[in-house]
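These numbers were taken from a predicted model, which means no experiment stands behind them.
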Amino acid sequence: MAPASTSPPAETRPRQALAKSSLLGGVADLDAAVSLRLHALFLPVPRLLLKALEVAGDGRIWLPVPISLLLISTTTTSSTVSPLLVGLVAGLVLDIAFVGLAKLIFRRPRPAYNAADMYVAVAVDHWSFPSGHSSRAFLVAAFLAGSGLPSEALYLWAAATSASRVLLGRHYVLDVFAGAWLGVLEAWLSNLILSYLCAHGSFLVC
């Protein structure tokens, strides 16, 4: 006698899928409501300050500057390069790849109240989940804090940059939390890459 199937009957599967979809929709609705409430509550905060935090976490600053410094260091008479720059560049490249892939997969639109004062660099920036500013800020903060720089100041900047994304109307709260956790993961991965290069590469003095 054949064993009974443990999979649910075919007629129950659509109802399970509907329940899962409703749950996710409910979480998204709550996220949107909380985000809108925070955005409205902090409207008195000077937008110029929030925009300054936005610029401070912009990838068009964070990626070219470390890469330029790394290239300059390779053209000097020294045969070694800074491990700090190598690890930071590795993390920033991972960040571009992970955030871009996640945005293309989830394709969550940005909040409808997002002001039209964003300078969009690439098409993927039209999507909201996860927050690239948050992932980048927490990547930089976690990586540099692990290198001995003041962790309190770094994490305060990362948290302020992430909060500014919701207050500006760029992102929802869950976008920011997901980005922050992703950035910490990227910092861990970049440290692994750096440890491997330090162990196997002659061009680094670690």
Side-chain angles (χ1 to χ4, degrees), residues 31 34-35 38 49-73 80-106 108 110 121-122 124-125 127-168 170-201 203-206:
D31 182 31
V34 171
S35 302
L38 289 173
L49 172 61
L50 300 177
K51 290 284 289 180
L53 287 168
E54 180 174 64
V55 172
D58 199 310
R60 288 165 293 182
I61 295 174
W62 273 106
L63 189 60
V65 171
I67 288 178
S68 299
L69 292 174
L70 186 60
L71 292 175
I72 290 171
S73 69
T80 60
V81 296
S82 167
L84 185 67
L85 288 174
V86 171
L88 189 57
V89 168
L92 290 166
V93 171
L94 287 175
D95 182 63
I96 289 176
F98 289 162
V99 171
L101 180 61
K103 287 192 174 187
L104 287 175
I105 291 173
F106 292 100
R108 186 184 194 185
R110 291 187 184 270
V122 290
V124 74
D125 280 338
W127 306 115
S128 187
F129 184 91
S131 166
H133 273 71
S134 297
S135 66
R136 193 176 307 112
F138 273 90
L139 156 66
V140 172
F143 182 78
L144 295 183
S147 302
L149 295 179
S151 59
E152 294 84 358
L154 287 166
Y155 282 113
L156 178 61
W157 164 74
T161 299
S162 298
S164 73
R165 310 310 292 156
V166 177
L167 304 188
L168 280 168
R170 307 291 195 224
H171 287 281
Y172 300 102
V173 172
L174 285 182
D175 302 340
V176 166
F177 274 105
W181 281 109
L182 179 59
V184 173
L185 172 64
E186 291 164 348
W188 178 72
L189 290 174
S190 62
N191 274 307
L192 286 183
I193 293 171
L194 183 59
S195 297
Y196 177 84
L197 293 176
C198 286
H200 295 86
F203 61 95
L204 286 178
V205 177
C206 302

Would you check if Leu53 and Leu168 make a side-chain contact, meaning some heavy-atom pair closer than 4.5 Å?
-> no
Does the Ser134 side chain pair with the main chain of Ala180, one donor and one acceptor, at a distance under 3.5 Å?
-> no
Taking His133 for the side chain and Glu54 for the main chain, is one N or O donor matched with an acceptor at less than 3.5 Å?
-> yes
Any side-chain heavy-atom pair from Ser135 and Phe98 closer than 4.5 angstrom?
-> no
In Å, rounded to the nearest 0.5 Å, how long is the span from OG of Ser128 to CZ of Arg165?
-> 9.0 Å
Looking only at non-hydrogen atoms, find the nearest pair between Ala56 and Trp62 and report the distance.
-> O-NE1, 2.7 Å
Report, one line per pair, each donor and acceptor closer than 3.5 Å where one atom sits in a side chain of residues 142-157; sequence neighbours left out.
{"unit_1": "Ser147", "atom_1": "OG", "unit_2": "Phe143", "atom_2": "O", "d": "3.1"}
{"unit_1": "Trp157", "atom_1": "NE1", "unit_2": "Thr161", "atom_2": "OG1", "d": "3.3"}

Nearest heavy-atom approach of Asp95 to Gly132 is OD2-O, 4.2 Å
Which pairs, with at least one residue in residues 172-193 and sequence neighbours excluded, count as a salt bridge (charged side-chain N to carboxylate O under 4.0 Å, His left out)?
-> Arg108-Asp175
Does the side-chain contact (heavy atoms from CB on, under 4.5 Å) test come out yes or no for Leu88 and Leu84, once each step is laid out?
-> CA-CA 6 Å; Leu88 189 57; Leu84 185 67; 5.6 Å; no
For the residue pair Gly87 and Ser190, what are the closest heavy atoms and their distance?
-> O-CB, 3.4 Å
Please step through side-chain contact (heavy atoms from CB on, under 4.5 Å) for the pair Leu182 and Leu139, ending with a clear verdict.
-> CA-CA 8 Å; Leu182 179 59; Leu139 156 66; over 6 Å; no
Just grab all the ring-ring contact (aromatic ring centres under 6.0 Å, His included) pairs involving residues 171-192, residues at least two apart or on different chains.
-> none
Taking Lys103 for its side chain and Phe129 for its backbone only, find out whether a donor-acceptor pair lies under 3.5 Å.
-> no
Closest non-hydrogen atom pair between Pro130 and Ala102, with its separation = CD-CB, 3.5 Å
Closest heavy-atom contact between Arg110 and Arg170?
-> NH1-O, 3.0 Å
For the atom pair CG (Leu101) and CZ (Phe106), what is the distance rounded to the nearest 0.5 Å?
-> 9.0 Å
Give the minimum heavy-atom separation between Leu167 and Leu38, together with the two atoms involved.
-> CD2-O, 3.8 Å
